[in-house]
Number of protein chains: 2
Amino acid sequence: MATPRRTGRRPGNPGTREAILDAARAAFAERGFDASSIRSIAAAAGVDPALVHHYFGGKDQLFLAAMGAPLDPGELLPRVLAGDPDGVGERLVRTFLGVWDSPAGVAAVALLRSAVSNEWTARLLREFLVTQVLRRILQHLDVDPAELPLRGSLVASQLVGLALMRHVVRLEPVASAPAEALVAAVGPTVQRYLRGGLG
Amino acid sequence: MATPRRTGRRPGNPGTREAILDAARAAFAERGFDASSIRSIAAAAGVDPALVHHYFGGKDQLFLAAMGAPLDPGELLPRVLAGDPDGVGERLVRTFLGVWDSPAGVAAVALLRSAVSNEWTARLLREFLVTQVLRRILQHLDVDPAELPLRGSLVASQLVGLALMRHVVRLEPVASAPAEALVAAVGPTVQRYLRGGLG
């Protein structure tokens with residue numbers, strides 16, 4: 001069944017994509033990811049929901065585009081979390097540093113700077129961590145769901161802090177250390193936060 | 001011997017303090033803390049060096065004022081680093097969280113937001129960590145000087161990341177957890193970074 005074009009809804013044009021992203025950022029920051037629907041975002045942007053799906057796919061992908069996320073944790077994390085549970089801390093640090101050290105790292109630095117700059121953008125980063133990262137950990141790793149929020153947010157505190165020191169503040173020697181030296185030093189921390197005792 | 005007031009140097013007035021702070025921020029960010037002198041900062045601000053000493057005391061205090069630092073690590077850290085070496089990780093996390101959870105935390109959040117926003121302010125935070133925090137650790141804790149930079153920057157990555165998640169991104173449950181729960185969870189990380197094996 002074809003979607004009829006209704007009065008007052010904009011057809012696809014160069015400004016439409018940006019209008020959808022603006023509406024998505026506002027919705028995700030103000031109401032959160034779970035309470036935002038593609039239907040309501042489309043309405044706020046004055047376009048048909050089918051056009052949102054056409055441009056972005058599902059709600060996860062729309063969120064990643066709205067955040068300017070350089071990659072999709074939903075593609076990356078399942079591989080990292082699979083395999084030997086005793087090595088998940090090191091694999092997570094290695095993959096995380098690999099993203100930041102890659103060309104995608106420029107976008108990641110911009111994202112972090114933006115997220116820290118005000119309440120509104122900080123909320124987007126929080127929604128991103130909760131819905132795109134922590135939930136994937138729960139899906140792919142044997143973690144007690146009741147403990148996941150604390151474990152996951154401790155991991156986030158260490159990894160985001162590491163990226164901040166390496167790529168934004170550029171504190172030496174963390175700024176220019178070989179990634180594997182940081183994997184060896186920080187891997188056990190992440191391992192304990194995910195699977196060890198928390199005191 | 002009285003310092004003669006020379007031509008072209010401004011006397012103390014309400015704008016003088018701010019002019020000194022501006023000159024100090026520029027000097028510390030551009031040349032670094034060690035290469036900046038009170039004499040050169042005074043010259044850049046167009047005032048007599050004695051006036052800088054009069055307003056701010058020494059170079060450390062001028063730097064803290066220029067940063068907008070809510071307190072002086074030189075007063076806080078010696079107490080934290082003294083005492084049982086096995087408990088230094090927990091004491092450091094407890095003291096750090098205490099500052100951020102106190103009224104001074106508002107200034108700390110502003111400082112962190114500012115530091116992350118651009119290269120110039122990030123350099124000030126880096127100088128602050130190196131000269132005001134890491135050097136104190138070396139002075140008061142039995143750490144191999146060759147290992148101090150890596151150990152100290154790992155501690156900074158964890159503690160600043162924790163403050164970011166608790167007070168800026170407000171990721172739950174780290175955002176509202178009792179400080180002691182975070183001391184128990186993060187203390188062993190900081191302890192290992194300061195005194196344990198780094199892999």
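Order of the sequence lines sets the chain letters (A, B, ...), proteins ahead of strands, with each chain counted from 1. Just so it is clear, the model here is predicted, and its values are computed rather than measured. Keep in mind that the numbers below use all heavy atoms, side chains included, and drop hydrogens, waters and symmetry copies.
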Exercise for the section: Evaluate the side-chain proximity of Leu76(A) to Val99(A): yes if any heavy-atom separation is below 4.5 Å, no if none is. Expected result: yes
Problem - pair Leu21(A)-Phe56(A): side-chain heavy atoms closer than 4.5 Å - result: yes
Problem - Close side-chain approach of His167(B) to Asp101(B), heavy-atom, < 4.5 Å - result: yes
Completion exercise
Greatest number of non-hydrogen atom pairs under 4.5 angstrom with chain B, of Val183(A), Leu164(A), Val174(A), Leu182(A), falls to Val174(A)
Practice task
For the pair Phe33(B) and Phe63(B), name the ring-plane relationship: parallel under 30°, tilted 30 to 60°, perpendicular over 60°.
Solution key: tilted
Handout entry: Close contacts, residues 124-160 of chain A versus chain B, judged by heavy atoms under 4.5 Å
Key = Leu125(A), Arg126(A), Leu129(A), Val130(A), Pro149(A), Leu150(A), Ser153(A), Leu154(A), Ala156(A), Ser157(A), Gln158(A), Val160(A)
Fill in the blank from the handout: So, the part of Val109(B) with a heavy atom under 4.5 Å from chain A: the answer is neither
Practice task
Could you tell me which portion of Ser117(B) (side chain, backbone, both or neither) has an atom closer than 4.5 angstrom to a non-hydrogen atom of chain A?
Solution key: backbone
Practice task
Among Ala122(A), Ala181(A), Ser114(A), Gly161(A), single out the residue with the greatest number of heavy-atom pairs under 4.5 Å to chain B.
Solution key: Gly161(A)
Problem - Leu171(B) portion near chain A, given a 4.5 angstrom heavy-atom threshold - result: both
Fill in the blank from the handout: If you tally heavy-atom pairs under 4.5 Å between each of Arg123(B), Glu172(B), Arg192(B) and chain A, the highest tally belongs to Arg192(B)
Handout entry: Toward chain B, the part of Arg170(A) with a non-hydrogen atom under 4.5 Å
Key = both
Handout entry: Structural part of Leu162(A) lying under 4.5 Å from a heavy atom of chain B
Key = both
Practice task
Measure the shortest side-chain to side-chain distance between Thr189(A) and Tyr193(B) over non-hydrogen atoms and say whether it is less than 4.5 angstrom.
Solution key: yes
Practice task
Could you tell me whether a side-chain N or O of Glu90(A) sits under 3.5 Å from a main-chain N or O of Arg94(A), the two making a donor and an acceptor?
Solution key: no
Exercise for the section: Any chance you could lay out the side-chain contact (heavy atoms from CB on, under 4.5 Å) test for Ile41(A) and Phe28(A), step after step, and finish with the verdict? Expected result: CA-CA 9 Å; Ile41(A) 290 167; Phe28(A) 292 137; 3.8 Å; yes
Problem - Residue selection (most heavy-atom pairs with chain A, distance under 4.5 Å) from Pro173(B), Ala163(B), Ala184(B) - result: Pro173(B)
Practice task
Indicate whether the side chain of Arg31(B) and that of Ser40(B) have a donor and an acceptor atom separated by less than 3.5 Å.
Solution key: yes
Exercise for the section: Name the region of Arg166(B), side chain, backbone, both or neither, that has any atom closer than 4.5 Å to a heavy atom of chain A. Expected result: neither
Handout entry: Backbone of Ala27(B) reached by a side-chain donor or acceptor of Ser36(B) within 3.5 Å
Key = yes
Practice task
Give the C-alpha distance, both sets of side-chain angles, the deciding distance and a yes or no for side-chain contact (heavy atoms from CB on, under 4.5 Å) between Leu62(A) and His53(A).
Solution key: CA-CA 8 Å; Leu62(A) 173 61; His53(A) 286 291; over 6 Å; no
Problem - Non-hydrogen side-chain atoms of Trp120(B) and Glu30(B) separated by less than 4.5 Å - result: yes
